[in-house]
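Take a look at the structure set out below.
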Amino acid sequence: MSLVCLLTLEHLNRSFPLSGGALRVGGLRYLCQKLGNETIILRPESDVPAVEGEKLFANGKFLPILEEIAPDILIVEQWALLDGLPQLNFPVICDLHGSL
């Protein structure tokens with residue numbers, strides 16, 4: 001079993017309105033878990049409380065939490081988040097979707 005981290009700007013709290021991107025993240029998490037992987041969502045802090053499986057970062061500073069999580073695989077759901085990534089020692093997958 002691998003530890004997969006999904007880096008996103010979307011929340012998955014169903015008590016609040018969800019975007020199409022959130023539905024995509026939920027689907028990616030479901031698929032990763034169905035394949036037997038532990039999956040963590042890493043997203044920015046907001047007025048929306050975190051749900052189980054989400055870790056939050058403040059002020060765009062996700063690297064310390066990403067290092068703490070130490071995933072086997074990182075899936076970046078928004079391609080613009082790639083700009084903040086240094087060279088990493090694990091695979092990074094960019095989920096390029098939508099109209100770019």
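Residues take their numbers from the sequence shown, with the count starting at 1. All values below come from the heavy atoms of this structure, side chains included, with hydrogens, waters and symmetry mates left out.
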May I ask you to check whether over 12 heavy atoms, not counting those of Tyr30, lie within 6.0 Å of atom OH?
-> no
Over all atoms of both residues, closest heavy-atom pair of Thr8 and Pro44 | O-CD, 3.3 Å
Determine, using the 4.5 Å side-chain heavy-atom cutoff (strictly less than), whether Val25 and Leu7 are members of one ILVMFWY cluster.
-> no
Quick one: CG on Asp83 to CD on Gln78, what's the gap to the nearest 0.5 Å?
-> 12.5 Å
CG on Asn37 to CG on Leu31, rounded to 0.5 Å | 8.5 Å
Identify the two heavy atoms, one from Arg14 and one from Leu18, that lie closest to each other, and give their separation to 0.1 Å.
-> CG-CD1, 4.0 Å
Is the backbone of Val48 close enough, under 3.5 Å, to the side chain of Ser46 for a donor and an acceptor to pair up by distance?
-> yes
Heavy-atom donor-acceptor pair, His11 side chain to Glu45 backbone, under 3.5 Å = no
Kindly work out whether a path of hydrophobic side-chain contacts (I/L/V/M/F/W/Y, heavy atoms less than 4.5 Å apart) joins Ile69 to Ile93.
-> no
Distance col, row Ile41:CD1 vs Cys5:SG, nearest 0.5 angstrom, shows 7.5 Å
Quick one: pull up CG in Leu9 and CG in Leu42 and give me the separation to the nearest 0.5 Å.
-> 10.0 Å
Residue pair Pro49 / Phe16: nearest heavy atoms and the distance that separates them | CD-CE1, 3.4 Å
Hey, are the side chains of Leu66 and Leu85 touching, using non-hydrogen atoms and a 4.5 Å cut-off?
-> yes
How long is the span from the SG atom in Cys32 to the CD1 atom in Ile75, to the nearest 0.5 Å?
-> 4.0 Å
Is it true that Arg43 and Glu54 have a side-chain N and a carboxylate O under 4.0 angstrom from each other?
-> yes
Exercise: identify the closest heavy-atom pair between Ala22 and Leu12 | O-CD2, 3.2 Å
How far apart are the closest heavy atoms of Leu63 and Pro86, and which atoms are they?
-> CD2-CD, 3.4 Å
Establish, from distance only, whether the side-chain atoms of Glu10 and Ser19 form a donor-acceptor pair under 3.5 Å.
-> yes
When clusters are formed by joining ILVMFWY residues with side-chain heavy atoms under 4.5 Å apart, either directly or through shared neighbours, do Phe90 and Val4 land in the same one?
-> no
Under a 4.5 Å side-chain heavy-atom rule over Ile, Leu, Val, Met, Phe, Trp and Tyr, are Leu6 and Ile73 clustered together?
-> yes
Find the distance between OG1 (Thr39) and CE (Met1) and round it off to the nearest 0.5 Å.
-> 9.0 Å
Asn13 side chain to Val51 main-chain N or O, any donor-acceptor pair under 3.5 Å?
-> no
Hey, quick one: are Ile40 and Leu35 part of the same hydrophobic cluster, counting side-chain heavy atoms closer than 4.5 Å, chains of contacts allowed?
-> no
Do you know the tightest heavy-atom contact between Phe62 and Leu81?
-> CZ-O, 3.9 Å
